[in-house]
Structure formats: structure tokens, C-alpha cells
2 protein chains.
Amino acid sequence: MDPGSADQKHFNLKTPKGTRDFNDKEMAIRERIFTTITSVFKRHGAVTIDTPVFELREILSGKYGEDSKLIYDLVDQGGELTSLRYDLTVPFARFLAMNGQKYQNIKRYHIAKVYRRDNPSITKGRMREFYQCDFDVAGTYDPMLPDAEVLKVTVEALSALDIGSFTVKLNHRKILDGMFEVCGVPVEKFRPISSAVDKLDKAPWAEVRREMVEEKGLDPVVADRIEKYVSLSGGADVIKKLEEDTEFVGSERARKGLEEMKLLLKYLDSMGIAEKILFDLSLARGLDYYTGPIYEAVFNNPADGAGYDGELVGVGSIAAGGRYDNLVGMFSGGRQIPCVGVSLGIERIFSILLRKTKLEEVKSNEVEVYVIGLGDGVLEERIRIAAELWDAGIKAEFSYKVKPRLQSEFDTCDRDQIPFSVLVGPGEVKDGKVRVKDMTDKSEENKRGVLIDRAALVTELKLRLC
Amino acid sequence: MDPGSADQKHFNLKTPKGTRDFNDKEMAIRERIFTTITSVFKRHGAVTIDTPVFELREILSGKYGEDSKLIYDLVDQGGELTSLRYDLTVPFARFLAMNGQKYQNIKRYHIAKVYRRDNPSITKGRMREFYQCDFDVAGTYDPMLPDAEVLKVTVEALSALDIGSFTVKLNHRKILDGMFEVCGVPVEKFRPISSAVDKLDKAPWAEVRREMVEEKGLDPVVADRIEKYVSLSGGADVIKKLEEDTEFVGSERARKGLEEMKLLLKYLDSMGIAEKILFDLSLARGLDYYTGPIYEAVFNNPADGAGYDGELVGVGSIAAGGRYDNLVGMFSGGRQIPCVGVSLGIERIFSILLRKTKLEEVKSNEVEVYVIGLGDGVLEERIRIAAELWDAGIKAEFSYKVKPRLQSEFDTCDRDQIPFSVLVGPGEVKDGKVRVKDMTDKSEENKRGVLIDRAALVTELKLRLC
């Protein structure tokens with residue numbers, strides 16, 4: 001490259017549409033979120049795996065219903081058609097199908113970026129590149145036990161993040177389908193009608209009914225029967241009501257779903273999280289691959305979910321998941337590994353915590369000690385001291401100036417909230433001494449810190465840093 | 001999706017060419033590497049930023065010399081031409097150019113995946129998707145001070161990783177170009193001839209000379225003059241020799257480079273890492289954007305760098321970097337922010353540590369306590385106990401079986417190296433008791449563990465887990 005001519009080139013200085021950078025202070029908040037969530041996942045014995053950011057295109061196709069159009073494709077530059085992953089669930093299922101001999105069961109988490117060519121909206125926190133934090137349990141077990149733990153993990157993680165009061169809405173794909181069956185929805189319309197029901201958290205019934213009848217050609221009588229069910233929500237009371245509904249339990253699908261839901265609620269009660277859970281028949285979840293319980297965590301106070309600039313953004317979900325027993329089999333040629341999991345909506349959580357934080361007060365570096373020169377000719381001594389601190393595991397910095405101004409060094413300590421400094425001048429060097437100063441003590445007596453032996457520096461600092 | 005028909009579909013069950021999955025045990029090793037490196041970076045006061053995995057294509061073009069053909073492109077699905085990032089340096093420079101008002105200086109690290117459509121080779125650890133671990137210092141400072149710290153970070157990180165004895169080869173773009181000037185290489189051939197010199201670590205001089213003369217049309221007399229210089233390596237002795245070479249110091253470029261190299265070696269001596277550094281005139285580095293010191297860490301015993309299966313793979317570099325003062329200006333229209341940095345070759349390091357490790361012995365989960373049922377009817381008590389442990393921050397699991405076999409629960413503890421179990425049966429429940437068992441104590445007396453009050457469980461476990 002020729003810097004001369006390159007300088008003249010006009011660059012469109014931006015990140016691609018729907019993507020963004022995160023600066024050091026934003027990253028400090030994001031890393032706190034990742035650490036909190038990871039520690040909950042590990043507390044439950046989860047391990048992590050990694051999969052590539054792009055997959056063979058055929059692996060992703062036919063998994064995301066109406067949203068498959070949002071998949072990003074890579075240019076064919078050598079014979080393979082590949083696409084950026086849309087979520088972490090399908091790559092996980094592909095991994096299980098490939099490694100089924102060794103991984104008949106695994107409790108894994110995966111925190112990584114996924115890609116959707118959606119219409120981006122900063123206000124709504126909807127980006128084209130965003131993180132998902134997934135926790136999944138794969139394996140053949142007794143019914144609803146891993147499902148209960150996944151819900152416990154969801155509640156623990158969201159509670160630990162301290163983002164406001166939330167509820168986990170819970171339903172069951174079999175109850176949903178049983179309900180459609182009982183209401184008279186033709187089987188081929190189960191998924192389209194389900195995705196209409198899924199909009200009930202954002203739109204009133206009249207609008208959803210219009211979509212069912214006008215767009216999706218459902219008999220209006222059938223639609224009205226659905227209304228009776230999707231307005232139900234609660235706990236054991238709803239189970240009881242449905243059990244007494246002879247028409248409803250006439251469907252084997254519905255009966256099976258109800259049985260599992262009853263068992264799940266019992267386990268959730270033993271786990272002490274029943275009060276966070278709301279059995280809600282209007283919860284549908286758009287994805288094709290769910291086969292059992294489905295759930296979605298929402299804020300109790302919708303304002304908690306507001307976007308970057310405080311604007312209200314409906315009641316977006318902050319976590320969602322469910323059971324998907326048939327996905328692995330789609331890759332392995334039928335040999336199933338049942339799975340259940342949850343995905344935490346980290347970008348929404350980030351925007352909530354960002355609003356609660358004064359960004360300029362966030363300490364993004366971890367420096368403990370700043371090495372300051374007093375007067376001329378001590379640069380190499382400053383370097384030697386810094387190296388000695390680094391070698392002792394102490395987080396330290398020094399000014400990259402041969403003759404830094406003392407005031408600007410103090411200013412750096414204040415700006416970066418560095419708790420200690422080491423001061424060294426020609427006099428100290430001659431006497432084999434050094435000064436240690438507690439930067440939080442702004443008193444006149446502490447102005448020049450405490451004089452100590454140069455040889456005792458690391459020990460003295462370690463005592464103070466405990 | 002219709003599971004019935006989908007099951008019939010034949011899937012090509014693999015990851016795209018040049019990419020791979022990492023399982024839980026491999027990830028445990030990789031996370032240890034990331035943690036070690038991150039802690040060195042943070043010790044030096046670095047903060048982290050994040051940039052998108054793809055960039056506008058024009059941002060990447062013209063930065064990678066002959067290797068630009070390896071860039072992955074995304075399909076144009078909406079007006080923007082984008083490509084996967086090739087390294088983390090160019091996105092960092094783009095970030096600085098975009099945020100120059102706020103980030104006139106920053107010491108940042110970035111650990112993330114980059115993409116190159118190279119010819120993959122598992123043996124050589126060369127993948128198309130791989131991690132880079134970058135540490136860079138941006139800002140206008142006194143000469144060679146940040147450069148010295150970047151080299152210190154490199155030595156600290158590689159030492160902490162415990163991968164074998166290494167040397168950091170060091171050269172200077174200005175010394176290299178001054179050498180070309182003095183030897184009589186025409187200016188327009190500086191970069192092509194430089195990239196021939198870069199191959200000297202893998203190929204003998206005769207072969208490199210052939211490339212220079214036959215492929216790149218260099219005068220053979222000029223090539224032979226180059227040989228004299230590129231065979232030089234050492235420390236202060238080489239500086240002295242070049243200073244006494246009147247022809248060499250006749251080039252202003254060479255003189256300037258030599259002056260900076262002398263200063264840098266002095267600082268590296270103060271940092272206590274001079275013995276790890278080798279000033280080597282044959283080091284060239286292929287990238288276009290370097291302007292000052294350049295460096296590359298290599299194994300002293302080439303076998304340490306061998307690939308997955310122990311096969312020798314030349315002397316591949318495990319870290320590399322340099323100063324690039326003009327890159328930010330290419331984006332900002334001339335307003336420069338000088339930068340210097342290093343990138344650690346994590347995949348090579350991973351394959352070295354993998355060879356040193358018995359993978360089956362790696363503990364990938366962190367479970368501390370396994371909750372075991374003795375006899376029937378204690379499932380809900382097991383769930384309650386597990387939930388209580390999780391709520392107290394203890395890492396715990398229990399079997400997802402209503403009636404698990406005791407032996408299989410013990411087997412799980414052994415397999416996952418879980419140090420403690422809690423045993424509970426109907427008798428214990430009735431008496432308000434529970435048993436705690438140290439799983440590492442295989443003695444007969446310890447067979448049923450120690451009986452304690454149910455209410456004291458968390459306290460007792462926390463004492464044992466300290």
C-alpha cells in the first residue's frame with residue numbers, strides 16, 4: 001500500500017448496517033453480564049463447546065419457519081455454500097448428531113454471536129449481529145427433570161443480573177396443538193395459526209383474530225373458540241380448569257401435554273421458583289422445532305424493557321426457550337437425542353443495565369499502581385519498577401513520556417481510579433528508597449506518600465492491595 | 001417443518017472446510033489459555049473493545065498485500081458489500097478513526113475469531129476460522145516506550161502459558177528498507193523483496209534468492225548484497241557493526257531505524273527481557289502496514305511447534321506484531337494515531353498444550369457436590385436440596401432419574417471428579433438429617449458419609465469446600 005495515495009481515498013467510516021462497536025466502558029458492563037451468567041451456568045454443572053460462526057447452508061435451512069429469509073449467506077468462493085449461524089441451537093444439534101457416540105448426553109452452555117438480517121432498530125435493541133447466551137441439556141431422562149432445571153437456571157440468571165421484576169411465561173407445544181385440535185384448526189394450519197397466537201403479547205386479540213381469519217383463512221367460529229383458551233393464565237388453577245374441560249382432555253395431545261405440565265409445575269415448586277412462573281396458554285413461540293414445554297421471560301413492569309433512549313418497546317422477552325426432541329434426529333437420520341434449553345437475551349439485558357449506569361464512572365481498566373517519576377533521569381528506574389511489579393503479578397502502568405509532568409500523572413490516577421502510586425526521584429534512587437502513595441488519601445501529610453526501602457516495594461504493595 | 005419428511009433428508013454432517021468444533025475438554029484448555037493471556041493483558045492496564053465480525057469490504061481492501069485474496073465475502077443481500085474480518089488490527093484502526101475525538105490513546109486487547117480462506121491444514125494448525133489475541137497501544141508517545149511494553153507483554157504471556165523455550169526475533173521496517181536502499185533495490189520492489197526475505201525462516205537463502213532474481217526480477221548483484229545483511233543477528237553487537245558500516249548509515253532511513261532499535265534494546269534491558277530478544281535482519285513480516293519495529297516469537301526447539309499429531313511443522317511463529325503508524329490515517333483522511341501491537345497465535349499454542357494433556361483427564365465441569373438419593377420416594381427432596389445448594393452458590397447436580405441406581409450416581413461422581421456428595425434417603429428425611437460424603441475418601445468407614453442436621457447442610461458444605 002502506498003500511504004500517500006491511500007490517504008486521499010474517501011472511506012465510509014461505519015460498521016455494517018445493524019452492527020456496532022462496543023467501547024471499553026460498554027465492554028466492562030457486558031463482561032460483567034457474561035461473567036454473572038457463566039457463573040450460574042457453571043453452578044449447574046454446564047460445560048461449554050464452540051462451533052464455527054458459519055455452517056453449511058443446508059444445515060440451517062428449514063429450521064426457522066417464516067424467519068429463514070433473515071439468514072446471512074457467504075459468497076461461494078470455493079464450492080461450499082455456507083451461511084452465518086442464526087442461533088446457537090441448530091449448530092448444537094448438528095454437533096450432537098456428529099458426535100452422538102460420545103455425547104449421548106451433555107449439559108452445555110454457549111455464549112456467542114449470531115446473525116439475522118432483520119430490520120435493525122437501536123431503540124428496540126434489535127441488531128443484525130448480537131450475542132446469545134444458551135444453556136441446554138441433551139439426553140434421554142425422566143420427564144420434565146431437565147426442563148425444571150433449565151427454568152431454574154433462567155430464574156437464577158435473571159435474578160443475579162438485577163434487572164427488575166420478571167415473570168417466566170410457560171406453555172407446552174402439545175397443549176397448544178391439542179388446543180388447536182380441540183378448536184377445529186386443520187393440522188396444516190397449526191404452525192401458521194401458532195405464529196399468529198405468538199403475537200398476542202404485542203397485539204390485541206382483535207388484530208390477531210383478523211390475521212387468523214383474513215390472512216390465514218381460518219374459520220371465524222374456530223378463531224372464537226381459540227380465544228376462550230388463550231385468555232387463560234395462572235398455575236395449578238388453570239391445570240384444574242383444563243382437566244375438567246371434557247372437550248379439551250378428549251384430545252390425547254392435550255392430555256399428554258397437561259400431564260407433563262402438571263409434573264413440571266410440581267418440580268418447579270420443589271425448586272422454589274413456582275411464584276416466578278405463569279402457565280399462559282397464549283404463549284406460542286415462533287420456532288418450528290419445539291416439541292414440549294416452551295417459555296419466555298418478560299418484565300412485570302414493561303418500562304424495564306425500554307430501549308437505549310428510554311423509549312418504551314412493548315414487552316420484549318429477555319429469555320426464551322423450550323424442549324426440542326426431534327432436531328438432532330433431523331441431522332442424524334432419525335437417531336434422536338432429546339434436548340431442552342434456554343437462550344438469554346443479552347442485548348436487551350445490556351441496554352437495561354446501560355441505562356442504570358453512569359458510563360463515565362465505569363472503571364474499565366484494572367490498574368492498581370501507577371509508577372511516577374519525580375524530576376529528571378528516572379525513566380529507566382520507572383521501567384525497572386514497573387517490570388518488577390508486573391513480574392510479581394501487580395497491575396501497573398507508567399507514563400510513556402521520558403519527562404512526564406507530575407500533574408498529568410496524578411490526573412491519570414484520578415481518571416482511571418488507580419488506588420496507589422509509586423513515586424521515585426533521583427534522591428530516592430541514590431538512597432535505595434521509593435515512595436508509596438495511597439491515591440485515595442488526599443491529605444497534605446500524604447502528599448509525598450510513605451518512604452520505604454526499594455527492596456521491600458513488592459511486599460509492601462501486596463500488603464496494601466489485599 | 002415436518003419431522004417425518006425431514007428425517008429422510010441426507011445431510012452432509014460436517015463443519016465448513018477449514019473450520020471445526022471444540023468439545024468441552026478442548027474448551028477447558030482453550031479457556032485456560034484465554035484466561036492466562038487476558039490476565040497478562042489486564043496486568044498492563046489494557047481494556048477491551050468489541051467490533052463486528054464483518055466489516056464494509058472497502059475497509060479491508062488494500063491492507064493485506066498478496067494475502068487480500070484470502071478475504072471471505074458475504075453475499076450482497078441489501079446494498080452493502082461486507083467481508084469477514086481478516087485480523088483484529090484493521091477493525092481496531094477503523095474504530096480509532098471513527099472515535100478519534102474520544103480515543104486519542106488507548107491500550108486495548110481483543111480476543112476474537114478472524115477468517116482467512118487459506119488452504120487449511122489441521123497438522124499445521126492452519127484453519128480458516130481461528131482466534132487472535134491482540135494487544136495494542138494507540139497514541140502519540142515518546143519513541144519506543146509502548147513498543148517495549150508490547151514486547152514485555154509478549155514475553156510475559158508466552159512464559160505464563162508454559163509452552164517451551166522461545167525467542168522473540170526483532171527487526172525494524174526502517175532498517176529493512178534502509179538495507180534495501182543501501183543494497184540498491186528499486187523503491188517499487190521494497191515490498192515484494194521484503195516478502196521474499198520473510199520466507200527465510202522456512203526456506204534456505206538459495207531459494208529466496210531465486211524468488212528475488214527470477215520471479216521478482218531483482219539484479220543478482222543486488223540480491224547478493226542483501227545476503228550479507230540478512231545473515232546478521234544478535235543484540236548490541238549487531239547494532240555496533242551496522243553503526244560502523246559507513247555505507248549502511250549513509251541511508252537516513254537506516255540510521256533512523258538503527259537509532260530507534262538502540263533505544264528499544266535499552267528499554268528491553270531495563271524490563272529484564274533482553275535475553276529473550278534477538279535482533280535479526282532477516283525478519284521481514286509480510287503485512288503492508290508496518291512502519292517501525294516488527295517482531296515474531298519462535299520456538300527455540302522447533303519440535304515444540306509441531307502440529308496435532310506430533311509432525312514437525314517448521315518454525316511457525318507463536319506471536320507476531322509491530323508498529324503501524326499510518327493505518328488509522330488511511331481511514332481518517334490523514335489524521336494519524338500511531339499504534340503498536342502484538343497478536344498471539346492461540347491456535348498453535350492450543351495444539352501444543354493439547355499434545356501435553358491427557359484429554360480424558362481434563363475436568364471440564366466444575367461441579368462440587370452431587371445430590372444422591374438412597375432408596376425410593378426422595379426425588380423431590382433431592383430437588384429441594386439441589387435448589388438450596390444452587391441458591392447458596394454451591395455448584396451441584398443431581399440425577400435426572402426418578403429412581404436412579406446408586407452405583408451409576410457414584411460412577412458419575414468418579415467420571416466428573418466431583419469431590420463431595422450429599423446422600424438422602426427416606427430415613428434421613430424423617431429424622432431431619434442428611435449425609436455428606438467426601439468422594440475422595442474410599443475407605444469402608446466413609447462408605448455412607450457423615451450424618452448431619454439437614455438445616456446445617458449448606459454451612460457444613462461451605463466449610464468443606466473452602
Side-chain angles (χ1 to χ4, degrees), chain A residues 1 3 6-7 11-13 15-17 19 21-24 27 42-43 45 47-54 56 62 72-75 77 80 82 95 97-98 113 117 129 141-142 145-146 267 270-272 288 326 329-331 334 364-367 380 383-384 387 390 395 397 400-402, chain B residues 1 3 6-7 11-13 15-17 19 21-24 27 42-43 45 47-54 56 62 72-75 77 80 82 95 97-98 113 117 129 141-142 145-146 267 270-272 288 326 329-331 334 364-367 380 383-384 387 390 395 397 400-402:
Chain A
M1 109 196 153
D7 280 356
F11 274 98
N12 194 1
L13 260 192
T15 59
K17 189 177 174 187
T19 70
D21 297 322
F22 292 95
N23 70 28
D24 57 321
M27 282 306 287
K42 286 186 173 174
R43 195 188 295 156
V47 298
T48 193
I49 67 160
D50 190 26
T51 65
V53 87
F54 51 88
L56 293 183
Y72 270 99
D73 293 332
L74 272 83
V75 170
Q77 291 169 297
E80 281 182 340
T82 58
F95 173 90
M98 269 174 73
K113 288 174 173 179
R117 288 190 320 100
E129 175 187 62
Y141 299 111
D142 283 341
L145 280 167
Y267 293 155
S270 298
M271 285 191 177
D288 285 352
N326 300 333
M330 287 183 67
F331 297 117
S364 54
N365 78 67
E366 299 183 1
V367 178
E380 279 167 79
I383 297 177
R384 271 192 292 272
W390 293 326
K395 296 166 189 154
E397 282 194 306
Y400 288 144
K401 296 274 172 197
V402 175
Chain B
M1 109 195 154
D7 280 356
F11 274 98
N12 193 3
L13 260 192
T15 59
K17 189 177 173 187
T19 70
D21 298 321
F22 293 95
N23 70 27
D24 56 323
M27 283 305 288
K42 286 187 173 173
R43 196 187 295 155
V47 298
T48 192
I49 66 159
D50 190 26
T51 65
V53 88
F54 50 89
L56 294 183
Y72 270 101
D73 295 331
L74 272 82
V75 170
Q77 292 170 299
E80 282 183 337
T82 57
F95 174 90
M98 268 174 74
K113 288 174 173 178
R117 287 189 320 101
E129 175 187 61
Y141 300 111
D142 283 342
L145 281 167
Y267 293 156
S270 298
M271 285 190 177
D288 285 352
N326 299 332
M330 286 184 67
F331 296 117
S364 55
N365 79 67
E366 299 182 2
V367 178
E380 279 166 79
I383 297 177
R384 269 191 296 270
W390 293 327
K395 294 165 190 156
E397 282 194 305
Y400 289 145
K401 296 273 171 197
V402 175

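Numbered from 1 within each chain, the chains take letters A, B, ... in sequence-line order.
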Note: B:E366-A:K42 ion pair, threshold 4.0 Å (strictly below):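 Yes, this pair counts.
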Specify which of [options] makes the most heavy-atom pairs with chain B at under 4.5 Å.
{"options": "A:T19, A:L56, A:L145, A:V367", "answer": "A:L145"}
{"options": "A:S364, A:P146, A:G45", "answer": "A:P146"}
{"options": "A:G272, A:P16, A:A97", "answer": "A:P16"}
{"options": "A:I383, A:I49, A:T48, A:D50", "answer": "A:D50"}

B:F54 and A:Y72 aromatic ring geometry - parallel, tilted or perpendicular at 30°/60° bounds: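 Correct class here is tilted.
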Measuring heavy-atom distances to chain B, does [X] have an atom under 4.5 Å in its side chain, in its backbone, in both, or in neither?
{"X": "A:T82", "result": "side chain"}
{"X": "A:R117", "result": "side chain"}
{"X": "A:Q77", "result": "both"}
{"X": "A:E380", "result": "both"}

Taking every non-hydrogen atom, the tightest pair across [X] and [Y]:
{"X": "B:W390", "Y": "A:M271", "value": "CZ3-CE, 4.1 Å"}
{"X": "B:E80", "Y": "A:K17", "value": "OE1-N, 2.9 Å"}
{"X": "B:A387", "Y": "A:S270", "value": "CB-O, 4.5 Å"}
{"X": "B:K113", "Y": "A:V53", "value": "NZ-N, 4.4 Å"}
{"X": "B:P52", "Y": "A:D21", "value": "CD-OD1, 3.3 Å"}

Any side-chain heavy-atom pair of A:N23 and B:F95 under 4.5 Å: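 SC-SC contact between A:N23 and B:F95 confirmed.
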Exam field: side chain A:D24 to backbone B:V47, donor-acceptor pair closer than 3.5 Å: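 No.
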Top contributor to chain A interface from B:T15, B:V402, B:V75, B:N365 [non-hydrogen pairs under 4.5 Å]: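 With the most close heavy-atom pairs to chain A, the winner is B:V75.
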